[in-house]
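The block underneath contains the structure these notes are about, expressed in structure tokens.
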Amino acid sequence: MRFLTKFFNTQLAIDLGTVNTLIYAPGRGIVLNEPSAIAIHKYTGETLAVGAEAFKMLGREAHDAEVHRPIRGGTINNFDADEKMLTAFIRRALGGTHRRSYMVIGVPGSSTPLERRSVRGAARDAKATEVDLVDEGLAAALGAGLPFEDERAHLVVDVGGGTTNIAIIASGTVVASSSLPVAGNALDEAIRDYVRSRYEMSIGERTAEHVKKELGALSRGRCGQEGARCIEVVGKRITDGLAKAVRISSDEVREAIEPVLAEIVAGVRRAIEDSKPDTTADIYQSGIILTGGGALLDGMAERLQKELQLHVAVPEDPLAAVALGAGKLLANPKHLERVAISEDVPVWQDTEELVVNW
Ligand code: ADP
Ligand code: MG
């Protein structure tokens, strides 16, 4: 079936992330890059806004609107919202009507059959004629520039929003994959917790993310010291609910997110420890490919490199690696056929006739 892809008049490669959704179209490149968010009318179910527009409403939505981030922890947690979001994104990416469409979607290697079925279902409901799923870790490695046929094992660490996905790739196949429930969102949460306990002030999700992106995880001294990096953060004083502003330094952010970083490093270390001796030897030579938005955190690559004593390579655009890699697969149906995750059909649907043996 897959070798018929040329008969589809539109083809898309989709990275359905917890934080960002990217769509790649052959010949056109990345055609959509939006936050995975949708605003839905509470009572009518009508879609009010999707992507960046919906994300802007987060934390300040109108009383009758609800902003959903339908992908949590790397899987769909709100099927209805996800399907609506995907439909809107696909429509936007195609920019008009389309009849026969073929879509390749990246899913975490550690996703369950049920989770994969829900992704396929959402894509079909969003009018995809044919859907193939591929392992995100493999797609990220290809997107980062790893040649498909490279037979040496490579370790791919994708630090996204909800999950950190760790995969070992060799010769275009996934040797092992695991997933940690800590990534970018957990870093934001750690910053919120720190500000709450240290300054008795609560800050919003988006403010915490901004602080993380601006200050990162490198030590540069406290506010007032030479070379220190500090920014002003505005939130709500817990005692009386009024607005309050404080200056916070990169050293404080580093301290706040330390436990989360340690957990990510420990997860990567475990993946290496669990691999076979030859694989470990390959990884020692080839190092780590670091992708996902977390790769952009100041200090993340350095931290992994230092603690694991492995070379860490970050592609030019780590946020787009999965979509670009899935796009490369679209261009090569033979490779795609080799790596596409087959559909999980329940055993009872596979049998033609129910035979009862008493
Ligand atoms: P997902 O695949 O789960 O949607 P992404 O790979 O798109 O996730 O990465 C999103 C995460 O990356 C978010 O937590 C975001 O805060 C983080 N991120 C993006 N840019 C930066 C940056 N410059 N510094 C630190 N973190 C960043
Ligand atoms: Mg991702």
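These figures come from a predicted structure and were not determined experimentally. First listed ligand is number 1; within each ligand, the first listed atom is number 1. Atom set for the values below is all heavy atoms of this structure, side chains included, hydrogens, waters and symmetry mates excluded.
In this structure, the protein non-hydrogen atom closest to atom 18 (N) of ligand 1 is Gly293 O, 3.5 Å. Among protein heavy atoms, the minimum distance from atom 23 (N) of ligand 1 is reached at Leu296 CB, 3.5 Å. Scanning the protein heavy atoms around atom 19 (C) of ligand 1, the nearest turns out to be Lys213 CE, 3.6 Å. Counting only heavy atoms of the protein, atom 3 (O) of ligand 1 lies nearest to Thr18 OG1, 2.5 Å. Protein heavy atom closest to atom 8 (O) of ligand 1, with residue, atom name and distance, is Gly161 N, 3.1 Å. Closest protein heavy atom to atom 2 (O) of ligand 1: Gly17 CA, 3.7 Å. Scanning all protein heavy atoms for the shortest distance to atom 17 (C) of ligand 1 gives Lys212 NZ, 3.7 Å. Protein heavy atom closest to atom 7 (O) of ligand 1, with residue, atom name and distance, is Asn20 ND2, 2.8 Å.
Under a 4.0 Å criterion applied to the non-hydrogen atoms of Gly294, ligand 1 contributes the atoms 12 (O). Remark: ligand 1 atoms within the under-4.0 Å shell around heavy atoms of Gly292 are 6 (O). If you number the atoms of ligand 1 from 1 as listed, the ones under 4.0 Å from a heavy atom of Glu209 come out as 13 (C), 15 (C), 16 (O). Below 4.0 Å from some heavy atom of Leu297 lie the following atoms of ligand 1, by number and element: 24 (N), 25 (C). Shown in contact with Gly184 at under 4.0 Å from a heavy atom are these atoms of ligand 1, numbered in order with element: 14 (O).
Although no hydrogens or angles enter the test, the distance criterion places a donor-acceptor pair under 3.5 Å between the side chain of Ser286 and the main chain of Ala153. Within the 3.5 Å criterion, the main-chain N or O of Ser197 finds no donor-acceptor partner in the side chain of Glu200. For Arg192 (side chain) and Ala208 (main-chain N/O), no donor-acceptor pair under 3.5 Å exists by modelled atom type.
A cation-pi arrangement is present between Arg206 and Phe55, with the terminal nitrogen or guanidinium carbon under 6.0 Å from the aromatic centre and inside a 45° cone about the axis.
No side-chain N or O of Ser177 forms a donor-acceptor pair with one of Ser110 less than 3.5 Å apart. Between the side chains of Tyr102 and Asp132, a donor-acceptor pair is found at a separation under 3.5 Å. In this model, a donor atom of one side chain and an acceptor atom of the other lie less than 3.5 Å apart for Tyr199 and Glu252.
Salt bridge Glu83/Arg124: absent, no basic N to carboxylate O contact under 4.0 Å. Salt bridge status for Glu214 with Arg229: absent, with no side-chain N to carboxylate O gap under 4.0 Å.
Considering both main-chain and side-chain atoms, Asp298 never comes within under 3.5 Å of ligand 1 through any nitrogen or oxygen pair. Between Asp188 and ligand 1, a contact under 3.5 Å exists for no N or O pair. Geometrically, ligand 1 and Val19 share a nitrogen or oxygen pair separated by less than 3.5 Å.
At a 4.0 Å heavy-atom cut-off, ligand 1 touches Leu319 through the side chain alone.
Checking Thr10, Thr129, Ile14 one by one against Met103, the side-chain contact (heavy atoms from CB on, under 4.5 Å) holds for a single residue, Ile14.
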Checking Asp188 against Lys212 for the salt bridge (Lys or Arg N to Asp or Glu O under 4.0 Å) test, could you report, in this order, the C-alpha distance in whole Å, the side-chain angles of both residues, the deciding distance, and whether it holds? CA-CA 7 Å; Asp188 302 345; Lys212 172 186 72 176; 3.0 Å; yes

